[in-house]
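First the structure, in the form of structure tokens, and then the observations on it.
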Number of protein chains: 2
Amino acid sequence: MIKSGNKSSSAAEDYLERIQELIEAKGYARMVDIAASLGISQASVTNMVKRLDTEGFVLYEKYRGLVLTPEGERIAKEIARRHRILTDFLSQLGVSSEEVERDVEGMEHHLSLDSLEAIERLCQQLTCHPDLLAKIKHGSNKGIL
Amino acid sequence: MIKSGNKSSSAAEDYLERIQELIEAKGYARMVDIAASLGISQASVTNMVKRLDTEGFVLYEKYRGLVLTPEGERIAKEIARRHRILTDFLSQLGVSSEEVERDVEGMEHHLSLDSLEAIERLCQQLTCHPDLLAKIKHGSNKGIL
DNA sequence: TAAATAAATTAGCCAAGGCTAATTTATGAA
DNA sequence: TTCATAAATTAGCCTTGGCTAATTTATTTA
């Protein structure tokens, strides 16, 4: 998904997002850490990283590690942004953080820029209308406990 | 996706939704129509319908047609509901109908009930606040033309 | 009702993305 | 520096969900 530039699958986007997060957090992204972070096997990571390399999202040298290309980084940051916006949105609506996480994970690859930015503006507006948000959350049965 | 009852993949859910739509519109769902409606080959439909049968979502007899089981119908209706709610939501935000269609198609399989119903309540509230919606749409560059 | 056409099915293929088991390379500690 | 362990890779397999081409069954029409 994601329109401009090269095509990347949902799976590829997930990898790029996590790789970027690891690099930000620790300066590098090892295969073993990518695997742990995504909850999949190291072998699967090796395969996908090879693909990401041939498709130009990553520079990879066997046994030596990998870095994102500018294009890979662009996609990683775009996905991170979608993640942020959608997480904010569902959190504002009072959805529990575990559900937010799962739902966002699934949705973030399927939204046009237009929809995403409309939701972003909506969040902005909702911030100034806590009364409205209160009514929405009130409908929820898992209220303030 | 969809929690309660049997598991169904996103693809299976798409099939069930379309089958239900065809049955509602014409009283029956032929392989050739399901294929046309989903934009895939008849052979692929035959395969998936067999699977939907063995998984209990559909009753199918070779060359004789198919009907939804109660469970299949339950899922079809649940997906249709998600489709409705998400379509309403993005439309309210001023997203173009083609984009709404594509986005909803992608998202509808990935939302928890909690998130879905929070969005439903949000739409309800937004209906009473056209001023708010106006501001959101205003941020869009493809405004009133 | 027999032949032509439309619909459905089968067989066999492909790519994406997972997996495990076995092997190879790198690295840290004695 | 050598050996034990950790990390990475390879080989080979699986499922999902597509596809085309060939075949079979149903249906329509002359």
Side-chain angles (χ1 to χ4, degrees), chain A residues 1-2 6-19 22-23 25-67 72 75 79 102 105-106 108-110, chain B residues 1-2 6-19 22-23 25-67 72 75 79 102 105-106 108-110:
Chain A
M1 299 46 180
I2 287 190
N6 255 330
K7 290 115 180 55
S8 50
S9 67
S10 308
E13 291 174 0
D14 285 335
Y15 275 85
L16 294 172
E17 186 183 8
R18 296 307 179 93
I19 289 169
L22 288 168
I23 289 176
K26 323 200 302 174
Y28 54 86
R30 281 142 82 231
M31 298 295 187
V32 70
D33 297 326
I34 300 169
S37 168
L38 290 169
I40 64 186
S41 74
Q42 261 172 260
S44 300
V45 174
T46 298
N47 283 335
M48 177 61 93
V49 167
K50 275 192 210 163
R51 258 180 53 201
L52 293 175
D53 179 284
T54 68
E55 286 167 7
F57 300 120
V58 132
L59 295 178
Y60 159 68
E61 262 187 291
K62 251 203 241 184
Y63 295 109
R64 310 263 78 208
L66 62 129
V67 292
I75 292 175
I79 288 288
R102 274 207 315 274
E105 210 81 25
E108 62 189 353
H109 309 289
H110 299 285
Chain B
M1 300 39 183
I2 287 189
N6 255 328
K7 291 115 179 54
S8 50
S9 67
S10 308
E13 291 174 0
D14 284 335
Y15 275 85
L16 294 173
E17 186 183 8
R18 297 307 180 92
I19 288 169
L22 288 168
I23 290 177
K26 322 200 304 175
Y28 54 86
R30 281 142 83 229
M31 299 294 186
V32 70
D33 296 326
I34 299 169
S37 168
L38 290 169
I40 64 185
S41 74
Q42 261 172 260
S44 299
V45 174
T46 298
N47 283 335
M48 178 60 93
V49 166
K50 274 192 210 163
R51 257 181 53 201
L52 293 174
D53 179 283
T54 69
E55 287 165 7
F57 300 120
V58 132
L59 295 178
Y60 159 67
E61 261 188 290
K62 250 204 242 183
Y63 295 107
R64 310 262 78 210
L66 61 128
V67 292
I75 292 176
I79 288 287
R102 274 207 313 276
E105 209 81 24
E108 62 189 356
H109 309 288
H110 300 284

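Throughout, protein chains are lettered first and strands after them, A, B, ... in sequence-line order, and every chain is numbered starting at 1. Note that this is a predicted model, so its numbers are computed, not measured.
Whole-Å rounding puts the A/Glu55 CD to C/dA16 C1' distance at 11 Å. What separates CD1 of A/Ile34 from P of D/dA7 is a distance of 13 Å, to the nearest Å. In this structure, the CG atom of A/Leu38 is 8 Å from the P atom of C/dG18, given to the nearest Å.
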task: Test A/Leu66 against A/Ile34 for side chain to side chain contact (heavy atoms under 4.5 Å, CB included), laying out the working first.
output: CA-CA 11 Å; A/Leu66 62 129; A/Ile34 300 169; 4.3 Å; yes
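For B/Ser41, no side-chain nitrogen or oxygen approaches OP1 or OP2 of D/dG18 to under 4.0 Å. Between B/Ser44 and the phosphate of D/dC19, there is a side-chain N or O to OP1/OP2 separation shorter than 4.0 Å.
Counting heavy atoms from C-beta on, the side chains of B/Val45 and B/Tyr15 come closer than 4.5 Å. For the pair A/Phe57/A/Glu13, no side-chain contact is recorded, criterion being any heavy-atom separation below 4.5 Å from C-beta on.
Here A/Glu17 pairs with A/Asp14, A/Glu21, A/Ile79, A/His83, A/Glu108 under the side chain to side chain contact (heavy atoms under 4.5 Å, CB included) rule; sequence neighbours left out. Scored by the side-chain hydrogen bond (donor to acceptor under 3.5 Å, both in side chains) test, B/Glu105 finds B/Arg18 as partners (sequence neighbours excluded). A/Asp33 pairs by the salt bridge (charged side-chain N to carboxylate O under 4.0 Å, His left out) definition with A/Lys26, A/Arg30, not counting sequence neighbours. Taking the side-chain hydrogen bond (donor to acceptor under 3.5 Å, both in side chains) definition, one finds that A/Lys62 meets it with nothing, sequence neighbours left out.
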Tabulated below should be each protein N or O lying under 3.5 Å from an N or O of nucleotides 9-11 of chain C; please produce it.
unit_1	atom_1	unit_2	atom_2	d
C/dT9	OP1	B/Tyr60	OH	2.3
C/dT9	OP1	B/Tyr63	N	2.9
C/dT9	OP2	B/Thr46	OG1	3.2
C/dT9	OP2	B/Tyr60	OH	3.4
C/dT9	O4'	B/Tyr63	OH	3.4
C/dT10	OP1	B/Lys62	NZ	2.7
C/dT10	OP2	B/Lys50	NZ	2.6

Tabulate protein N/O versus nucleotide N/O from nucleotides 13-15 of chain D, keeping only pairs under 3.5 Å, one per line.
none

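A/Lys50 pairs with exactly one of A/Asp53, A/Thr46, A/Leu52 by the side-chain contact (heavy atoms from CB on, under 4.5 Å) rule, that one being A/Thr46.
Sequence order on DNA chain C of the closest nucleotides to A/Ile40 and B/Arg30 puts B/Arg30 first from the 5' end.
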